[in-house]
Engineer: 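What follows is a structure written as structure tokens; I'll ask about it next.
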Amino acid sequence: MTYRSGRHFLQIPGPTNVPDRVLRAMDRPTIDHRGPTFALMASDCLNGIKAIFKTEQPVIIYPASGTGAWEAALVNTLNPGDKVLMFETGQFATLWQRVAERLGLEVEIVPGDWRTGVDAAKVAERLSADKGHTIKAIGVVHNETSTGVTSNIAAVRKAIDAAKHPCLLFVDTISSLGSVDYRHDEWGVDVTIAGSQKGLMLPPGLSFNAVSKKALKAAEKSTFPQSYWRWDDMIAANKNGFFPYTPATNLLFGLQEAIKMLNEEGLDNVFARHDRMAEATRRAVTAWGLEVLCKNPAEYSSALTAVLMPDGMDADKFRAVALEKFDLSLGNGLGKVAGKVFRIGHLGDFNALMLAGTLFGVEKSLRLSGVNSAHGGVDAAMDYLEG
Ligand SMILES: *Cc1c(COP(=O)(O)O)cnc(C)c1O
């Protein structure tokens, strides 16, 4: 492999492009994680991250991938054998189900078509039928990164309340937090799961549990054997800006900067920017004559767009062309849609000209791979952004 000049286009839906400001913030000697400088920085992160989740409750930060935070949500609040209701929105929902099953939970799965989000009417129906309250928790993926479908969490909350059901609500926001509007407290979410490497613009390595008072109460009674994921040790140490074990110090310096950047732009502006990039992307897809995987416009994801390849065309061969010709990385189809779908990530640190470059690479690579798609996608996207 020889050096490829210029910036690589990392347009997979996470990990995302890490801004220079975040890189500079992390580029320093690691400091004593039991010293006063660390405590100031960590307290700043622990307080600042609450506004990103829109919560006043504690947010736990793990030196772990998002998968760890999935597990943490389950083992802190539930008991072995408890029933959990989950929705097959796509690959990430399926992987979370597997985590729950491996832990010895009884998972009831509401099947899905991988093109739509969680149907709140089904939530209401299933919970109303559960008179004995055997379902202890519901797990929902907010932004299903394998399909580009965003589920309506406020509607899921309403359905739980309408059924007067006491179950906990867990929401995976790994690919939505910091890109798509999200409200932990207002939507009555008990545990929100997030990760560092998508909307938060950091490298992989941190993950989060935002908790509710109800979740903390459930944690007092949980009988799951657990140690590394314990919330109580974390919350006790965090009060003084410390952690019960060695934290990912340099990633926390990056997080401090990322929070600052999100606040400088303003969360509402960040969300509006993502909405516009997503709509521009869909206009390009339509101009090419291709189909967006998400079927319901109300559920279009502002973080990524999954695009269906024409029948008989291999999405992975096309992605290989994009990488080879333009140094552009696009997301692959996962699980049931492997080879049939490619994904354009437009979340995180991203602007109009980066989108133009990305779409140009897609448009040219499609034709170079033998897809008889129309020209004009880049123009359609840019016309929309100028309008
Ligand atoms: C990326 C992602 C995950 C997996 O996170 P890891 O950090 O790879 O463990 C889980 N859920 C969603 C929705 C994701 O986008």
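Both ligands and their constituent atoms are indexed starting at 1 by order of listing. Quick caveat, the model's predicted, so the values are computed rather than measured.
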Engineer: Determine, step by step, whether S373 and R367 satisfy the side chain to side chain contact (heavy atoms under 4.5 Å, CB included) criterion, reporting the C-alpha distance in whole Å, the side-chain angles of both residues, the deciding distance to 0.1 Å, and the verdict.
Structural biologist: CA-CA 7 Å; S373 53; R367 295 187 68 84; 4.0 Å; yes
Engineer: Taking atom types as modelled, find out whether S301 and N143 have a side-chain donor-acceptor pair closer than 3.5 angstrom.
Structural biologist: yes
Engineer: The criterion is salt bridge (Lys or Arg N to Asp or Glu O under 4.0 Å); which residues satisfy it with E264, sequence neighbours excluded?
Structural biologist: R21
Engineer: Any idea which residues sit under 4.0 Å from ligand 1, heavy-atom distances?
Structural biologist: S65, G66, T67, W70, F92, V141, N143, T145, D172, I174, S175, Q197, K198
Engineer: List the atom of Y62, the atom of N76, and the distance in Å for their closest heavy-atom pair.
Structural biologist: OH-ND2, 3.9 Å
Engineer: Mind telling me whether W70 and W96 have parallel, tilted or perpendicular rings, with 30° and 60° as the class edges?
Structural biologist: parallel
Engineer: Quick check on the hydrophobic clustering: are Y300 and V141 connected, directly or via other members, by side-chain heavy-atom contacts under 4.5 Å?
Structural biologist: no
